[in-house]
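All values reported here derive from a predicted model rather than from experimental measurement. Lettering follows sequence order; numbering is per chain, from 1.
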Amino acid sequence: MEIDEKILRRAGASILRCNKGEIIFMEGETPHCYMQIIRGQVKLNSYDHDGKEFIQNILEDGDSLAESIIIASTVYPMNAIALKQSTIIKLPKERLLGLLETKPELLMDLCNSMANRLNQKIFMLQNNSIKCPKEKIKGLLNYMRRFKSSNSDFSFEIPLTRQQIANIIGLTVETVIRNIKILESENLLMIKNRKIFV
DNA sequence: TCATTAAAGTTAT
DNA sequence: ATAACTTTAATGA
């Protein structure tokens, strides 16, 4: 979901700047504003009982932050933390709802974006229930390059660190590293300057 | 087999 | 320089 910045400003949006590592919202808080990243990178995460991080999503320029939660009128089920210095535009919930009423095109955008988010969740659920770590990693990498051509020419760079991959699929970095090397030896990916290409 | 721990090497800021 | 990330190795569940 990306609402034109001018529209948001006209509707009374404000700007929030945050530095790397800053918490934008936390699990359990009530959402008051629609938020959209103008520039930057934000992760949505949560922690399990013994503090192990689970990354739910990494969002970038133009992405909205957990819009389904505002619409559902619940409490945030995850934290949002800036991964880079970021500029975020915020619009109070009531104003967002007003916008959606006056601009029905936005409703369709919202619908589309929620459908995509739902698809992503379905994928993650299926992929993360796979036991074999190699297959889990393969699944994630394959999902990331879903809009690229199906034949792998190793032209798509995975924009994740190994630690991030591990925290998305619930493995340790070491296991991710070992299996990525196996996948490389099987010619299913390429490593160049520590970056993974599929 | 994978997680954990520790230690060291490499890259980015 | 210092932090962040990657890698290897040993050990244990």
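Residues satisfying the side chain to side chain donor-acceptor pair (under 3.5 Å) criterion with A:Glu53, sequence neighbours excluded, are A:Lys43, A:Asn45, A:Asn167.
For the pair A:Leu171 CG and C:dT7 P, the computed distance is 16 Å after rounding to whole Å. As rounded to whole Å, 11 Å separates atom P of C:dC5 from atom CD of A:Glu53. In this entry the distance linking CD of A:Glu174 with C1' of B:dG9 reads 15 Å, nearest Å. The interatomic distance linking A:Lys136 (NZ) with B:dC2 (P) rounds to 10 Å, in whole Å. Distance CG (A:Asn179) to P (B:dA3): 9 Å, rounded to an integer number of Å. In this structure, CZ of A:Arg178 is placed 9 Å from P of B:dC2, rounded to the nearest angstrom. Put simply, NZ on A:Lys20 is 8 Å from C1' on C:dA3, counting in whole angstrom units. Put simply, NZ on A:Lys131 is 14 Å from C1' on B:dC2, counting in whole angstrom units.
Contact annotation for A:Thr161: backbone-only contact, meaning every heavy-atom pair under 4.0 Å involves sugar-phosphate atoms and none involves a base.
For B:dC2, the OP1/OP2 oxygens have no side-chain nitrogen or oxygen of A:Lys134 closer than 4.0 Å. Close to C:dT6, at under 4.0 Å from its OP1 or OP2, lies a side-chain N or O of A:Arg162.
Here the nucleotide nearest the side chain of A:Pro133, chosen from B:dT4, B:dC2, C:dT6, is B:dC2.
Salt bridge A:Lys138/A:Glu135: present, at least one basic N to carboxylate O contact under 4.0 Å. A salt bridge is absent between A:Arg178 and A:Glu174; no separation between the charged side-chain nitrogens and carboxylate oxygens falls under 4.0 Å.
For the segment residues 184-196 of chain A, residues with any heavy atom less than 4.0 angstrom from an atom of DNA chain C are, sorted by number, A:Arg194.
Side-chain atoms of A:Met144 and A:Phe156, non-hydrogen and from C-beta on, do get closer than 4.5 Å to each other.
Heavy atoms from other residues, nucleotides or ligands lying under 6.0 Å from CE of A:Met26 number 12 at most. Other residues, nucleotides and ligands contribute over 12 non-hydrogen atoms within 6.0 Å of the CD atom of A:Glu105.
A cation-pi geometry, defined here as NZ or CZ lying under 6.0 Å from the six-membered ring centre and within 45° of its normal, holds between A:Lys192 and A:Phe197.
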